Amino acid sequence: MSELNWQQDVEIDPLALDVSWVKQASLFGKYCVEQATARDIADRAKERLEVYDAGLGLKIRANPASFGLEKITESSVQAVILLDKEHARLSDELNTARYQLEVIVAAVRALDQKKSALENLVRLQGQNYFAGPSVPREIGAEWAKEAERNGARDKVRKIMRKGE
């Protein structure tokens, strides 16, 4: 998968709605392809784990004594499989692939939300919402202030978490 910065890709520049609209379709397509790729990677990791577990299960059942088992039960076979190092590695690989898939799925949802936000912002623009009879509202500056406040809140949260 390529390097993605979904947080940046879902941001909207309120002073350049046209540019955001032009980029929206290609961004959405890019993330949909990334989602398909991530799903394929997760599916293949799951298959590798299942094939490994099936093979190990057959080996355990064929020679239980070599795995420290006196009696074969389904739960004892599963226990040996779960304790196997290669199983743990493959399971970790699957969990990582699933996590990456979920991040991409969330990015696709966020881009869908961006589309809705763009539609509404353009609708407001068409209704002259941002125009005023006196001093025009400076949404770009307000947006920057809000981002700065959010950044300050995040810094305080990080400092407080370190103190816990």
Side-chain angles (χ1 to χ4, degrees), residues 1-14 16 19-121 143-164:
M1 287 190 292
S2 63
E3 186 65 31
L4 301 174
N5 187 352
W6 70 268
Q7 291 159 325
Q8 180 182 345
D9 288 339
V10 298
E11 287 181 7
I12 297 172
D13 182 355
V19 174
S20 292
W21 262 122
V22 169
K23 291 166 48 176
Q24 176 66 16
S26 63
L27 271 177
F28 193 79
K30 171 183 164 183
Y31 279 88
C32 286
V33 169
E34 290 292 333
Q35 180 178 350
T37 301
R39 182 164 281 117
D40 181 57
I41 290 169
D43 289 347
R44 289 174 191 271
K46 180 181 178 192
E47 186 177 338
R48 281 191 298 278
L49 178 62
E50 289 173 349
V51 167
Y52 179 79
D53 287 354
L56 182 57
L58 290 174
K59 288 178 186 175
I60 294 168
R61 287 176 184 86
N63 191 359
S66 68
F67 292 92
L69 297 177
E70 295 176 18
K71 179 178 159 189
I72 298 177
T73 64
E74 210 38 54
S75 61
S76 63
V77 170
Q78 280 302 314
V80 171
I81 289 172
L82 289 175
L83 294 172
D84 184 75
K85 289 184 186 208
E86 183 63 9
H87 168 87
R89 188 189 71 74
L90 290 170
S91 182
D92 186 52
E93 185 180 297
L94 173 58
N95 289 333
T96 299
R98 284 180 174 162
Y99 171 78
Q100 290 173 344
L101 172 60
E102 289 304 314
V103 169
I104 298 294
V105 167
V108 169
R109 278 193 230 123
L111 282 166
D112 196 40
Q113 290 293 313
K114 179 182 179 180
K115 176 186 171 244
S116 297
L118 284 168
E119 289 170 343
N120 290 322
L121 284 169
W143 188 264
K145 286 179 191 175
E146 180 66 22
E148 187 177 317
R149 281 193 295 267
N150 288 341
R153 280 190 212 118
D154 290 343
K155 287 180 185 176
V156 169
R157 281 189 195 119
K158 286 180 185 175
I159 291 169
M160 293 184 75
R161 284 185 186 140
K162 286 182 182 177
E164 290 179 354

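As the structure is a computational prediction, the values presented were derived from the model and not from experiment.
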Enquirer: Salt bridge or not between K145 and E148? Use side-chain N to carboxylate O under 4.0 Å.
Expert: no

Enquirer: Could you pull out all residues at least two apart from L58 that satisfy side chain to side chain contact (heavy atoms under 4.5 Å, CB included)?
Expert: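 Listed in chain order: nothing, the list is empty.
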
Enquirer: Just jot down the side-chain hydrogen bond (donor to acceptor under 3.5 Å, both in side chains) partners of E93, sequence neighbours excluded, or say none.
Expert: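 side-chain hydrogen bond (donor to acceptor under 3.5 Å, both in side chains) list for E93, sorted by chain: R48, R89.
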
Enquirer: Determine, for K30 against E34, whether the closest basic-nitrogen to carboxylate-oxygen distance falls under 4.0 angstrom.
Expert: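 E34 and K30: not salt-bridged.
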
Enquirer: Which heavy atom of I104 sits nearest a heavy atom of A38, and at what distance?
Expert: CG1-CB, 4.4 Å

Enquirer: Calculate, to the nearest 0.5 Å, the distance between atoms CG and CZ belonging to L83 and F67 respectively.
Expert: 12.0 Å

Enquirer: For Q7, give me all partners under side chain to side chain contact (heavy atoms under 4.5 Å, CB included), at least two apart in sequence or on another chain.
Expert: N5

Enquirer: Going by side chain to side chain contact (heavy atoms under 4.5 Å, CB included), name the residues that satisfy it together with A79, two or more places apart in sequence or in a different chain.
Expert: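 Here no residue qualifies.
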
Enquirer: Check this for me: E47, atom CD, are more than 12 non-hydrogen atoms of other residues, nucleotides or ligands nearer than 6.0 Å?
Expert: no

Enquirer: Applying side-chain hydrogen bond (donor to acceptor under 3.5 Å, both in side chains), can you list everything that pairs with N95, at least two apart in sequence or on another chain?
Expert: none

Enquirer: Mind checking what makes salt bridge (charged side-chain N to carboxylate O under 4.0 Å, His left out) contact with E50, not counting sequence neighbours?
Expert: K46

Enquirer: Excluding sequence neighbours, so at least two apart, what forms side chain to side chain contact (heavy atoms under 4.5 Å, CB included) with D13?
Expert: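 So D13 forms a side chain to side chain contact (heavy atoms under 4.5 Å, CB included) with L15, A16.
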
Enquirer: Could I get the full list of salt bridge (charged side-chain N to carboxylate O under 4.0 Å, His left out) partners for K23, not counting sequence neighbours?
Expert: none

Enquirer: Does anything in residues 54-80 pair up under salt bridge (Lys or Arg N to Asp or Glu O under 4.0 Å), and if so which pairs, sequence neighbours excluded?
Expert: R61-E74

Enquirer: Not counting sequence neighbours, list each pair that qualifies as a salt bridge (Lys or Arg N to Asp or Glu O under 4.0 Å) and has a residue in residues 95-104.
Expert: none

Enquirer: Starting at CG of L94, measure out to CG of L49 and round the result to the nearest 0.5 Å.
Expert: 6.0 Å

Enquirer: Mind checking salt bridge (charged side-chain N to carboxylate O under 4.0 Å, His left out) for R109 and listing every partner two or more places apart, or none if nothing turns up?
Expert: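 Partners of R109 by the salt bridge (charged side-chain N to carboxylate O under 4.0 Å, His left out) criterion come out as none, since no residue qualifies.
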
Enquirer: Within the 4.5 Å heavy-atom criterion, are I72 and I60 side-chain neighbours or not?
Expert: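 No, every pair of side-chain atoms sits at 4.5 Å or beyond.
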
Enquirer: Please determine if D40 and R44 form a salt bridge, counting it only when a charged side-chain N lies under 4.0 Å from a carboxylate O.
Expert: yes

Enquirer: S76: which residues meet the side-chain hydrogen bond (donor to acceptor under 3.5 Å, both in side chains) condition with it, sequence neighbours left out?
Expert: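 In terms of side-chain hydrogen bond (donor to acceptor under 3.5 Å, both in side chains), with neighbours along the sequence ignored, S76 is linked to T73.
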
Enquirer: Check for a donor-acceptor pair, side chain of Q35 on one end and backbone N or O of A106 on the other, with a separation under 3.5 Å.
Expert: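 No.
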
